[in-house]
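Step one of this worksheet: look at the structure below.
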Amino acid sequence: MDGSPCRLRPFHVPATPSLTFVWNRYRAGFVFNSEAGDHSIEKGRRVERDAVLASLLRRLDAVSKLDPADIAAIRALPIAVRHWEGGRAIVSDGERPSECCLIIEGFCIRSKTTEAGQRQILSIHIPGEIPDLQSLHLRRMDHDLVTLVPSTLGFISHASLRTLTHARPNVADALWRDTLIDAAIFREWIVNVGQRPAPARLVHIALELRTRLLSVRGGAELATFEFPLTQEQIGEALGITPVHANRIIRQLREDRIVDVSRGHVRVLDETRLAELAQFDDRYLHQDPVA
């Protein structure tokens with residue numbers, strides 16, 4: 001890799017859950033196929049493969065160092081790209097998936113639901129991440145993976161990933177390191193929900209998300225960034241009721257610390273935000289040589 005950042009080239013995906021891209025090796029692009037026969041979709045329109053894999057490559061480069069042969073092997077992965085509506089399960093608790101899911105655009109959550117129907121959000125996932133990578137070795141899912149918003153997803157078969165990791169040890173190490181970072185994030189979320197006051201829980205998660213988004217998108221620190229959780233979902237992530245979540249959001253706005261609304265966070269006072277969150281990003285392990 002030449003050290004220059006991988007940039008995701010924007011492309012439009014029509015809002016239909018039946019849309020699939022299939023890699024065409026002869027035409028060097030992804031071809032849209034509509035299983036539902038939607039004639040509003042332009043047949044044969046292609047999406048460059050680099051655009052699909054850019055977020056994954058940028059993320060892996062942020063946490064590990066891959067050589068050009070490793071990158072070429074990742075680029076050669078067969079990927080089925082599909083549009084997923086918001087709130088739709090990608091894979092559910094108890095299922096035995098045969099493929100892993102790469103988030104290309106959008107956001108997903110992992111969650112567990114009790115027998116009484118109460119859901120706990122365990123983590124938020126962003127473009128470039130493969131949140132169900134553990135299904136390569138843990139055959140039966142023990143939680144749900146769900147889209148938060150309309151998302152573009154790339155599905156990679158377990159067989160293809162096993163072939164890749166056996167042939168390219170550096171890639172296997174990078175993916176293994178990625179799952180270890182997931183575990184570190186889980187540990188921080190346990191501390192967050194169990195020990196921090198609710199306002200600090202919310203801003204800590206927000207700062208974590210901002211830091212992770214910057215790692216795959218680059219650029220300067222964001223004063224406004226995506227935070228695609230409803231008040232009910234914020235409650236599920238923090239272990240509080242939606243009413244309590246509403247009070248916290250209102251108080252943070254009135255105190256001129258952050259404004260959480262319309263799927264975004266707007267930072268109003270960086271200094272007070274840092275004091276409240278006590279956010280230390282070491283657990284994200286974003287420096288591959290540290």
Side-chain angles (χ1 to χ4, degrees), residues 59 62-63 103 107-114 118-127 129 131 143-146 148-149 178-217 219-287 290:
R59 172 170 173 74
V63 301
I103 304 171
F107 294 85
C108 300
I109 55 168
R110 287 194 275 199
S111 64
K112 289 278 288 188
T113 303
T114 68
Q118 296 171 308
R119 184 172 74 161
Q120 179 70 44
I121 291 177
L122 307 170
S123 55
I124 304 170
H125 294 275
I126 66 173
E129 297 183 349
H143 62 279
D144 300 315
L145 178 62
V146 183
L148 273 176
V149 296
D178 209 37
T179 61
L180 293 175
I181 293 171
D182 265 355
I185 292 173
F186 279 140
R187 289 191 290 272
E188 191 67 31
W189 275 53
I190 291 170
V191 173
N192 200 44
V193 172
Q195 298 300 324
R196 294 188 179 105
R201 292 180 214 172
L202 176 54
V203 295
H204 194 279
I205 288 176
L207 285 181
E208 176 194 292
L209 186 60
R210 178 172 75 171
T211 303
R212 289 163 58 201
L213 287 170
L214 282 170
S215 75
V216 296
R217 294 180 179 174
E221 193 164 89
L222 302 171
T224 300
F225 55 95
E226 295 160 283
F227 192 74
L229 297 172
T230 65
Q231 287 187 9
E232 180 179 2
Q233 291 164 343
I234 288 172
E236 291 172 333
L238 303 184
I240 60 178
T241 67
V243 173
H244 192 184
N246 179 272
R247 286 200 299 266
I248 292 169
I249 291 168
R250 186 172 64 249
Q251 188 62 54
L252 289 169
R253 184 185 303 121
E254 290 173 354
D255 290 344
R256 303 293 298 168
I257 298 174
V258 293
D259 180 12
V260 181
S261 61
R262 298 185 179 88
H264 288 78
V265 168
R266 182 164 61 95
V267 178
L268 305 176
D269 190 322
E270 284 281 0
T271 301
R272 295 179 66 197
L273 175 61
E275 291 173 353
L276 177 60
Q278 295 295 297
F279 178 72
D280 181 346
D281 68 359
R282 284 181 301 163
Y283 71 95
L284 297 176
H285 299 282
Q286 294 189 330
D287 184 349

Heavy-atom closest contact (Gly235 atom, Ala245 atom, distance): N-CB, 4.2 Å
Would you call Asp182-Arg110 a salt bridge at under 4.0 Å N-O? yes
Between CD on residue Glu208 and CZ on residue Arg212, distance to nearest 0.5 Å: 5.0 Å
Taking atom CZ as the centre, does Arg266 end up with more than 12 heavy-atom neighbours from other residues, nucleotides or ligands that are less than 6.0 angstrom away? no
Rounded to the nearest 0.5 Å, how far apart are CZ of Arg282 and CD of Glu188? 9.5 Å
Test side-chain hydrogen bond (donor to acceptor under 3.5 Å, both in side chains) applied to Glu270 - qualifying residues, sequence neighbours left out: Arg210
Quick test of your reading of the model: are Asp259 and Arg253 salt-bridged, counting only N-O distances below 4.0 Å? yes
Give the minimum heavy-atom separation between Trp189 and Ile205, together with the two atoms involved. CH2-CD1, 3.9 Å
Interatomic distance, Glu236 atom CD to Thr241 atom OG1 [nearest 0.5 angstrom]: 11.5 Å
Does CD in Gln195 sit with more than 12 non-hydrogen atoms of other residues, nucleotides or ligands closer than 6.0 Å? no
Got a second to check how far Arg256's CZ is from Leu273's CG, nearest 0.5 Å? 13.5 Å
Please name all residues satisfying salt bridge (charged side-chain N to carboxylate O under 4.0 Å, His left out) with Asp144, sequence neighbours left out, ordered by chain then number. none
Leu238 side, atom CG; Arg196 side, atom CZ - distance, nearest 0.5 Å: 11.5 Å
Distance from Ile109 atom CD1 to His125 atom NE2, nearest 0.5 Å? 9.5 Å
According to side-chain contact (heavy atoms from CB on, under 4.5 Å), who are the partners of His285, at least two apart in sequence or on a separate chain? Arg177, Ile181, Ala184
Do Phe227 and His264 have ring centroids that are under 6.0 Å from one another? no
Modelled atom types, side-chain donor and acceptor of Asp255 and Gln251, under 3.5 Å: yes
Where is the tightest heavy-atom contact between Pro199 and Ile248, given as atom of each residue plus distance? CA-CG2, 3.8 Å
Evaluate side-chain contact (heavy atoms from CB on, under 4.5 Å) for Ile249 paired with Leu252, printing each intermediate quantity in order. CA-CA 5 Å; Ile249 291 168; Leu252 289 169; 5.8 Å; no
